[in-house]
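Below is one structure, written out as structure tokens, with a few remarks after it.
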Amino acid sequence: MNAKIVMISLSLAALAACASVEPKPCTAEWVDYKTEKVLNKFASNNRGMINDLRRLQGKDGEVDPFVAIQLASKTKQIQKFADTFQTIVVPELEMAIDQCGNEKLVPAFTEFLRGEGVGEETLEWVAPLIDLMQDMREADNSSPRRL
């Protein structure tokens, strides 16, 4: 009986090792693996905001004005969400791709959201808002500080 348990344990350990093996670097499978790994972590850490964005577009495809008002009150959270993507996710993906030379991978925030099930109407609504917040932050960072 103990021998069976040992054999099963060894078999499961071998399967787990195979499942966690990273594909050969710089292959299409490796790029997909790295991208999926980074984006899944980001999605997991930001599930609440992603769900809020999903709710923005109703089943009829139209933007729900009540949800839009709720989201408009969350501008700081939306800005943090977009900033986190730009400052953590994009550099992680670029660093992985830099290992392979001149190949380019430019992950688009909207493509990520689209893949998470956020509708087109929502993307059209939220993209200008994120652009505006980015412009405002850049203007704040470039203006001289007054004491």
Quick check: does any side chain N or O of [X] sit under 3.5 Å from a backbone N or O of [Y], one acting as donor and the other as acceptor?
X	Y	answer
Gln57	Glu121	yes
Thr87	Asp83	yes
Arg47	Phe42	no

Quick check for you: to the nearest 0.5 Å, what is the distance between [X] atom [atom1] and [Y] atom [atom2]?
X	Y	atom1	atom2	result
Gln79	Thr84	CD	OG1	10.0 Å
Thr35	Asn40	OG1	CG	10.5 Å
Asp64	Leu71	CG	CG	9.5 Å

Contact summary for Val63 and Ala68, nearest pair of heavy atoms: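 Closest approach of Val63 to Ala68: CG1-CB, 4.2 Å.
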Which residues pass the side-chain contact (heavy atoms from CB on, under 4.5 Å) test with [X], sequence neighbours left out?
X	result
Ala72	none
Val38	Val89, Glu92, Leu93
Asn45	Lys41
Arg55	Asp52, Val67, Gln70

Side chain proximity check, Phe66 to Leu56, heavy atoms < 4.5 angstrom: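 When only atoms from C-beta onward are counted, Leu56 and Phe66 do not touch, as no gap falls below 4.5 Å.
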Check: Glu116 and Arg54 side chains under 4.5 Å, non-hydrogen atoms: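 Sidechains of Glu116 and Arg54: in contact.
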The criterion is side chain to side chain donor-acceptor pair (under 3.5 Å); which residues satisfy it with [X], sequence neighbours excluded?
X	result
Gln77	none
Asn46	none
Glu120	Arg114

